[in-house]
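Worksheet for the structure shown next.
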Amino acid sequence: MQIIHYLVQAACFFFALLTLNIVWENVKGYGAEKKYGYCLLYLAGGAAVFALMVALTNLSSRLVQ
């Protein structure tokens, strides 16, 4: 059961880094084009995905205990 917990944590970490990379590239691109509304949307979406990853990690921790 502990191995599932570690796999979920590793997957969430990978997807969090991937999300950060996608958000940064899009914010950087839209910032250069001065489309600040899209920058805010990507930042909000990135925060939502990050919160989902934290929730999944907490859920896996609770299931293992």
Side-chain angles (χ1 to χ4, degrees):
M1 203 62 176
Q2 192 72 17
I3 191 74
I4 293 171
H5 173 65
Y6 291 135
L7 288 174
V8 169
Q9 282 187 337
C12 287
F13 181 72
F14 173 74
F15 285 119
L17 288 180
L18 184 66
T19 301
L20 285 174
N21 185 30
I22 291 169
V23 168
W24 173 247
E25 291 297 322
N26 285 314
V27 166
K28 191 169 56 171
Y30 284 123
E33 296 175 8
K34 301 208 184 323
K35 294 182 179 179
Y36 300 118
Y38 290 120
C39 291
L40 290 175
L41 288 175
Y42 272 104
L43 289 173
V49 170
F50 186 72
L52 178 68
M53 294 300 145
V54 169
L56 284 174
T57 303
N58 286 338
L59 179 66
S60 71
S61 294
R62 288 184 184 158
L63 287 175
V64 170
Q65 290 179 359

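As the structure is a computational prediction, the values presented were derived from the model and not from experiment.
Here the straight-line distance linking atom CG of Leu43 with atom CH2 of Trp24 works out to 9.5 Å at 0.5 Å rounding. In this structure, the separation between OH on Tyr38 and CG on Asn26 is 12.0 Å, given to the nearest 0.5 Å. Separating the CZ atom in Phe13 from the CG atom in Leu18 is a distance of 12.0 Å, to the nearest 0.5 Å. Rounding to the nearest 0.5 angstrom, the gap separating the CG atom in Leu56 from the CD atom in Gln9 is 11.5 Å. Rounded to the nearest 0.5 angstrom, Met53 CE and Leu17 CG are separated by 11.0 Å. Note that CD1 of Ile22 and OH of Tyr42 are 9.0 Å apart. Values are rounded to the nearest 0.5 Å.
Looking at every heavy atom in both residues, Cys39 comes nearest to Gly31 through SG-N, 3.5 Å. Across all non-hydrogen atoms, the minimal contact from Thr57 to His5 is O-CE1, 4.5 Å.
Under the 4.5 Å side-chain heavy-atom criterion for ILVMFWY residues, no single connected hydrophobic cluster contains both Val23 and Val49.
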Do Val54 and Asn58 pass the side chain to side chain contact (heavy atoms under 4.5 Å, CB included) test, and can you show the C-alpha distance, the side-chain angles, and the key distance before you say yes or no?
CA-CA 6 Å; Val54 169; Asn58 286 338; 3.8 Å; yes

